[in-house]
Number of protein chains: 2
Amino acid sequence: MTVEVTETTTAVPPELACPIAPVVDIVFSRWTTPILWALNEYGRHRFVELERRITTITPKVLTQRLRQLERDGLVVRTYHPEVPPRVEYEITDLGRSLGPLFATLAEWSGNLDKVEQARVDYDAKSRPRSRRP
Amino acid sequence: MTVEVTETTTAVPPELACPIAPVVDIVFSRWTTPILWALNEYGRHRFVELERRITTITPKVLTQRLRQLERDGLVVRTYHPEVPPRVEYEITDLGRSLGPLFATLAEWSGNLDKVEQARVDYDAKSRPRSRRP
DNA sequence: ACCGTCACTTTCCTCTAGGTACCTACTAGC
DNA sequence: GCTAGTAGGTACCTAGAGGAAAGTGACGGT
């Protein structure tokens with residue numbers, strides 16, 4: 001009975017085990033979600049604008065993530081050699097193709113209260129270590 | 001002109017800036033994706049089965065992530081007090097409701113070659129620092 | 001002469017997620 | 001008596017991500 005399962009599990013290559021993992025790495029690595037969301041939802045942004053929108057991000061990390069997204073072809077960077085310098089970040093067509101994904105995510109966020117309820121229930125069952133002193 | 005943009009960016013609360021961030025934290029935190037994918041795609045799994053399927057995960061982390069997913073109501077744990085002990089993990093209805101999300105993800109993974117191409121192009125443009133010694 | 005702005009870059013430092021390794025209880029099998 | 005197998009728990013340790021803060025360079029304003 002379990003032999004069959006064992007057989008299949010041993011035969012599966014590491015990466016092929018989950019074909020969506022690479023996508024998750026690209027799109028949902030730390031900080032990339034709010035950046036892509038902002039650019040997708042509100043259009044072009046300057047560096048400081050992104051910094052101010054995502055209030056808790058530091059300029060170093062923002063730069064890192066923007067470079068990464070630019071390299072992955074999800075964002076375009078436009079440099080205007082003015083004074084003071086001006087840089088604009090825009091989402092690409094490839095980035096915009098994530099729209100449905102974001103929509104599905106936003107839709108599912110309606111289930112967040114169920115998650116919250118599940119957490120409350122779970123904590124209620126396993127937390128009370130203070131019971132029976 | 002830019003005044004309008006500045007106005008909107010300063011007025012946005014930290015978390016509300018990106019409504020999908022909480023969902024991402026729950027569903028796409030490290031290791032949760034392959035676990036949920038496995039349970040959603042191939043049904044019930046025992047601990048060792050998951051361990052063998054996701055070859056690179058350590059038992060400690062697997063336990064952590066499974067507890068987290070159980071707490072969030074995405075996974076059910078069933079303990080059979082046999083000898084040797086047997087535990088089965090199954091996806092819940094709430095977890096199964098992520099199906100469309102995974103489908104969208106899997107669909108988008110067709111764009112991975114575009115990402116790869118973008119990376120090649122980007123590296124070709126900015127890498128050659130060896131030019132002009 | 002100095003301040004402020006923009007878009008970063010650099011240095012230093014902290015913190016924690018995750019890895020390694022060993023331990024548990026229980027029984028069957030040799 | 002020793003080992004194997006299951007489903008973890010626990011203690012220790014390290015690498016690397018990310019935070020804090022200061023610097024840069026060109027210029028416009030006062």
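The figures here come from the full heavy-atom set of this structure, side chains too, leaving out hydrogens, waters and symmetry mates. So that the names make sense, note that chain A is the first sequence line, chain B the second, and so on, each numbered from 1.
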**Prompt:** Is there a donor in the side chain of A:Asp113 and an acceptor in the side chain of A:Gln117, or the other way round, less than 3.5 Å apart?
**Reply:** no

**Asked** Out of D:dC27, C:dT9, D:dG8, which has the shortest distance to the side chain of A:Val83?
**Response** D:dC27

**Asked** Are OP1 or OP2 of C:dT9 and a side-chain N or O of A:Arg67 less than 4.0 angstrom apart?
**Response** yes

**Request:** Identify which nucleotide among C:dC8, D:dG25, D:dG19 has an atom closest to any side-chain atom of A:Pro85, counting heavy atoms from C-beta outward.
**Result:** D:dG25

**Message:** Reading DNA chain C from 5' onward, which residue's closest nucleotide shows up sooner: A:Pro84 or A:Arg77?
**Reply:** A:Pro84

**Prompt:** Is the distance from OP1 or OP2 of C:dA17 to the nearest side-chain N or O of B:Arg30 less than 4.0 Å?
**Reply:** no

**Request:** Scan side-chain atoms only and decide if A:Arg67 and A:Gln64 contain a donor-acceptor pair under the 3.5 Å cut-off.
**Result:** no

**Asked** Do the side-chain N or O atoms of A:Arg46 get closer than 4.0 angstrom to the phosphate oxygens (OP1, OP2) of C:dC6?
**Response** no

**Item:** Among C:dC8, D:dG19, D:dT6, the one nearest A:Lys60 by side-chain distance
**Value:** D:dG19

**Prompt:** Are B:Asn40 and B:Arg96 close enough, and set up right, to give a side chain to side chain contact (heavy atoms under 4.5 Å, CB included), and what steps lead you there?
**Reply:** CA-CA 6 Å; B:Asn40 186 56; B:Arg96 211 169 278 112; 3.8 Å; yes

**Message:** Less than 4.0 angstrom between a side-chain N/O of A:Arg86 and OP1 or OP2 of C:dT5, yes or no?
**Reply:** no

**Prompt:** Looking at B:Arg65, does any N or O in its side chain come under 4.0 Å of the phosphate oxygens OP1/OP2 on C:dG18?
**Reply:** yes

**Message:** Check this one for me: any side-chain N or O of B:Thr58 less than 4.0 Å away from OP1 or OP2 of C:dG18?
**Reply:** no

**Asked** Just how large is the angle between the end axes of the helix from C:dA1-D:dT30 to C:dC30-D:dG1, five pairs per end, to 10 degrees?
**Response** 30°

**Asked** Salt bridge or not for B:Glu88 and B:Arg44, using N-O below 4.0 Å?
**Response** yes

